[in-house]
Number of protein chains: 4
Amino acid sequence: MAGRRSGAATVAASDAASGPAADGAAAEAAAGGATDKTPRTARGRKTLRAILDAAAAEFGARGFHDTGITHITQRAGVALGTFYTYFNSKEEVFRALVRDMSAQVRDHVAPAIAAAPDGLAAERAGLASFLGFVRAHKEIYRIIDEAEFVDPDSYRAHYQNTADRIALRLGEAERRGDLSIADTEVVAWAIMGMNVFLGLRFGVLGDDRTPDEVAGIANALIARGLVRG
Amino acid sequence: MAGRRSGAATVAASDAASGPAADGAAAEAAAGGATDKTPRTARGRKTLRAILDAAAAEFGARGFHDTGITHITQRAGVALGTFYTYFNSKEEVFRALVRDMSAQVRDHVAPAIAAAPDGLAAERAGLASFLGFVRAHKEIYRIIDEAEFVDPDSYRAHYQNTADRIALRLGEAERRGDLSIADTEVVAWAIMGMNVFLGLRFGVLGDDRTPDEVAGIANALIARGLVRG
Amino acid sequence: MAGRRSGAATVAASDAASGPAADGAAAEAAAGGATDKTPRTARGRKTLRAILDAAAAEFGARGFHDTGITHITQRAGVALGTFYTYFNSKEEVFRALVRDMSAQVRDHVAPAIAAAPDGLAAERAGLASFLGFVRAHKEIYRIIDEAEFVDPDSYRAHYQNTADRIALRLGEAERRGDLSIADTEVVAWAIMGMNVFLGLRFGVLGDDRTPDEVAGIANALIARGLVRG
Amino acid sequence: MAGRRSGAATVAASDAASGPAADGAAAEAAAGGATDKTPRTARGRKTLRAILDAAAAEFGARGFHDTGITHITQRAGVALGTFYTYFNSKEEVFRALVRDMSAQVRDHVAPAIAAAPDGLAAERAGLASFLGFVRAHKEIYRIIDEAEFVDPDSYRAHYQNTADRIALRLGEAERRGDLSIADTEVVAWAIMGMNVFLGLRFGVLGDDRTPDEVAGIANALIARGLVRG
DNA sequence: CATGAATGAGTCTTCATTCAT
DNA sequence: TATGAATGAAGACTCATTCAT
């Protein structure tokens, strides 16, 4: 699932603590290099999860640079050194987190999109679902945004992947005859930007509109535009 | 014009070195408190400008956290201590810079918008102008984005102001009968998000479309939407 | 015993390494807040003691402002950063030291005073003991004196406490009928001043009189005064 | 009068601004080396005085190390660089000040002592006068005390001179048959210590006794001692 | 004489990372 | 695995002093 970097305990591996498909992933990880930091015991998996949750909370609240390893370990209730049992560096947890959040967003939004009757409804459902998610996980916004400065690769990958998925959907909708799109990539980035900033404004900064309201208005915009008549 | 913080050498003051309208602002600033760091001599104004330019270049290239004061002063060709003759901290130059860039973007785009025949054309011209500006000043993008983590107030102010200006234009266009807008604020943020991400994708990350192409496609989107017919 | 400031490794804790009565205090300190810098291992306690001893020597020799953290850590044989494992700042060691020295002086002098047959003999024994102590620990003088500028609270507390103890003794002696005192507080400060300056002159600056000689002369002064007859 | 160090503007020279005997001193100073910083114009003398007064106030209030040259020049209302027109270093003003204050104390107390009928009365009058002076010039206390760490020579000279003067008076009183003194130097330091600490307690820290009360009690102590009968 | 911009050595402090127990 | 003491490179900031105008 989530990509891995050599020797680092991965979020996928941590999912192993709660998910059924985890055994496979864990085994896979275990088959990795000598520097593998995947936990082998139940106790280890629990600790790893605690560290990851703490890291998400701290990075979300104070940002990458103002978060110290001690902040994370103290919140997780483990000793400082324990951190390095699971991660090789501060950047590494951050990377793991960005991938995890990126996947979480996608997985949360996907079902809503899949259930939509047509291309337009899909975008609307996707945005509404996204807004709801952002409100519930404000720290995600921050972490992904900060990736631009901490781990540019993850940052670009996240937005490139998101845009690609939108473009894919638009392409299908066009082929089905639902929509007419001049340039799928340009339009995909435009829609994504719209969604992201609406998430910022109506998910993170304020909540003076319901997700459905916002999604409805935005959807009308991309459906028929602003020109009267 | 640009807001000031007590005791800090301001960009407004530095503008005085090149702009005619600045004299007023500079005088105003000079009338400030005793701990004022506004330069009182021509030599001082020149040095301040050198430091600001160097800071913009360095922050743009390496980011806030990876830029040291020495990077800035070395590039500016002054001694380390000279930095503190004009700014009280690293954060302070950054803040000054964000405000400066925010104003630069606005001032660069404004004429193009003003010259447009109608509301829709205004948005198109604005986006095209913005894309051109971003390509020429890629560091601005990074600096404003990083403000989210270094100086959240400036960051929010920048985007709020930008959205407000768009909303204002949309409102006028609607009153004139050009456009029909369901919710000016939501639409303004949507359009801004579109623009920002198109700037990121086709201004900073790649240049596989001309500003006019991108602006045309985006403009068609907000004009008529994607629905065929 | 020695007062504590939140989160700082205390001298009381370090006393735990050498004194039997200290265990209680150490346990108490250990029960403190989470940011507590009290060492939890034997190795830690040893290091803390090394730093304190080094700090006393360096501050005594070069003074607070001319002593760098590196001077202390180098003398203590630990790395620079180790200092901050036990103290939050240079001021903090200094404070700890002043309290420690204040207590040391008191504890050194107390037995001599307790063993004296009457009030007058007590002051004499106390002064003689003090002079001996000062000669053996000249740095204490300097550290306590410099506290006036580095940590005024400790400085005043030290002299106020000392004067209070003298006043207490004088009060008892008067009640017993040994002495007749016009104003206990004034007299206590007068005697303390006498002792301190005799310590400066015949303990720190020169040793051209024995402690007993000096104490004898001073005691005669406060016993019968200078008026002949 | 006040001693001079090569090339430094002296307090004696500054006195020249207001005293009649000054011309002589100024001429003397002018006859000094090439690095002489004695002001030659009336304007210069005024500036020098402003700097000295500001320095006394600042050193007294914040202490030597926490006082910057800018604090002094700002309070004096002159530019930073002007300081170095009159002094070669921060230490130098401080030294000049210590000598000045030392002389001021002496000169203030001397008349009261001279007017006393006998040795004992002289000490009493001297202490009362000293206490009054300390109350009016609390900063003096601090400056002289801090000299121990900034300029040990001045510090020792001040107290040695003071003790010497006391010893001289005691010697005379003894020769006249007023008093009987076992060891003039020891007693002189004892009395000085008393006076200094009474000045600290009842001049600087609190004023819950009048100078005369304190002087009376202290005088009774050194006159007849504490032994009843 | 006065001014204030420029200088840069010096210091404290932080914190990611290592490692012995 | 877990712990927490130890490490030291790195970096922001201060401030006495110099000097050209």
Side-chain angles (χ1 to χ4, degrees), chain A residues 37 39-41 43-48 65-73 77-92, chain B residues 37 39-48 65-73 77-91, chain C residues 37 39-48 65-71 73 77-91, chain D residues 37 39-48 65-73 77-92:
Chain A
K37 299 214 162 188
R40 282 172 218 307
T41 70
R43 182 198 184 193
R45 273 190 295 274
K46 209 175 136 194
T47 304
L48 171 55
H65 290 287
D66 290 344
T67 296
I69 306 294
T70 51
H71 290 134
I72 297 172
T73 53
V78 300
L80 171 58
T82 303
F83 176 87
Y84 290 91
T85 304
Y86 298 97
F87 297 96
N88 291 309
S89 72
K90 191 178 160 186
E91 253 97 15
E92 204 172 84
Chain B
K37 297 214 163 191
R40 287 178 211 307
T41 69
R43 186 192 184 195
R45 274 188 295 275
K46 208 176 136 193
T47 305
L48 170 55
H65 291 285
D66 291 342
T67 297
I69 305 293
T70 51
H71 291 135
I72 296 172
T73 52
V78 298
L80 168 59
T82 302
F83 176 87
Y84 292 94
T85 302
Y86 299 98
F87 297 97
N88 292 309
S89 69
K90 197 176 151 185
E91 253 99 13
Chain C
K37 297 216 160 189
R40 287 178 211 307
T41 69
R43 186 192 183 194
R45 274 189 295 275
K46 208 174 136 195
T47 304
L48 169 56
H65 291 284
D66 291 342
T67 296
I69 306 294
T70 50
H71 291 135
T73 51
V78 299
L80 170 58
T82 302
F83 175 87
Y84 292 93
T85 303
Y86 299 98
F87 297 96
N88 291 310
S89 69
K90 197 175 150 185
E91 252 98 15
Chain D
K37 298 213 163 191
R40 281 170 219 309
T41 70
R43 183 195 184 194
R45 275 190 294 274
K46 211 175 135 194
T47 305
L48 171 55
H65 285 101
D66 290 344
T67 297
I69 306 293
T70 51
H71 291 134
I72 296 172
T73 53
V78 300
L80 172 57
T82 303
F83 176 87
Y84 290 92
T85 303
Y86 298 97
F87 297 96
N88 291 308
S89 72
K90 193 178 161 187
E91 254 97 14
E92 204 174 83

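For the numbers below, each heavy atom of this structure counts, side chains included, while hydrogens, waters and symmetry mates do not. First the proteins, then the strands, lettered A, B, ... as listed; each starts at 1.
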*Determine the minimum heavy-atom distance between C/P39 and C/G44, stating which atoms define it.*
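Heavy-atom minimum between the residues: CB-C, 3.5 Å.
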
*Closest heavy-atom contact between D/F87 and D/E92?*
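Shortest heavy-atom separation between D/F87 and D/E92 comes out as CA-OE1, 3.5 Å.
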
_Minimum-distance nucleotide (side-chain atoms of D/Y86 versus F/dT1, E/dA2, F/dA5)_ =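 Looking only at side-chain atoms, D/Y86 lies closest to E/dA2.
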
*B/R40 side chain: which of E/dC1, E/dG4, F/dT7 is closest?*
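Nearest nucleotide to the side chain: E/dG4.
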
So what does [X] touch, heavy atoms closer than 4.0 Å: a base, only the sugar-phosphate, or nothing?
{"X": "B/T73", "answer": "nothing"}
{"X": "B/G81", "answer": "base"}
{"X": "D/T70", "answer": "nothing"}
{"X": "B/T41", "answer": "sugar-phosphate"}

*Please figure out whether B/R43 or B/T67 has its closest DNA chain F nucleotide nearer the 5' end.*
B/T67

Send over the distance from [X] [atom1] to [N] [atom2], rounded to a whole Å.
{"X": "C/F83", "N": "E/dT13", "atom1": "CZ", "atom2": "C1'", "result": "10 Å"}
{"X": "B/Y84", "N": "E/dA6", "atom1": "OH", "atom2": "P", "result": "16 Å"}
{"X": "B/I69", "N": "F/dC13", "atom1": "CD1", "atom2": "C1'", "result": "8 Å"}
{"X": "B/D66", "N": "F/dG11", "atom1": "CG", "atom2": "C1'", "result": "12 Å"}
{"X": "A/K46", "N": "F/dT1", "atom1": "NZ", "atom2": "P", "result": "14 Å"}
{"X": "A/F87", "N": "E/dT18", "atom1": "CZ", "atom2": "P", "result": "15 Å"}
{"X": "C/L80", "N": "E/dC15", "atom1": "CG", "atom2": "P", "result": "14 Å"}
{"X": "D/E92", "N": "F/dT17", "atom1": "CD", "atom2": "P", "result": "10 Å"}

Could you tell me if the side chain of [Y] sits less than 4.5 Å from the side chain of [X], heavy atoms only?
{"X": "D/I69", "Y": "D/Y84", "answer": "yes"}
{"X": "A/K37", "Y": "A/T85", "answer": "no"}
{"X": "B/T47", "Y": "B/Y86", "answer": "yes"}

*asked:* Closer than 3.5 angstrom, by distance alone: can the side chain of D/K46 be matched with the main-chain N or O of D/T41 as a donor-acceptor pair?
replied: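 No: the side chain of D/K46 does not pair with the backbone of D/T41.
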
*If pairing requires Watson-Crick or G-U wobble contacts with both distances under 3.5 Å, which nucleotide is the partner of F/dA6?*
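Base-paired to E/dT17.
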
*Once you apply the 3.5 Å cut-off to both distances, tell me the Watson-Crick or G-U wobble partner of E/dA9, or none.*
F/dT14

*Start at the 5' end of DNA chain E and walk down; is the nucleotide closest to D/T47 or to B/G44 reached first?*
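Taking each residue's closest nucleotide, the earlier one in sequence belongs to D/T47.
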
*When you match C/E91 and B/A79 each to their closest nucleotide on DNA chain E, which lands nearer the 5' end?*
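Its nearest nucleotide lies further toward 5', so the answer is B/A79.
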
*Look at the side-chain N and O atoms of D/T85 and state whether any lies under 4.0 Å from the OP1 or OP2 oxygen of E/dC1.*
no

*Between E/dC1 and F/dT21, how far is it from one P atom to the other, in whole Å?*
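Taking atom P in both E/dC1 and F/dT21, they lie 22 Å apart.
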
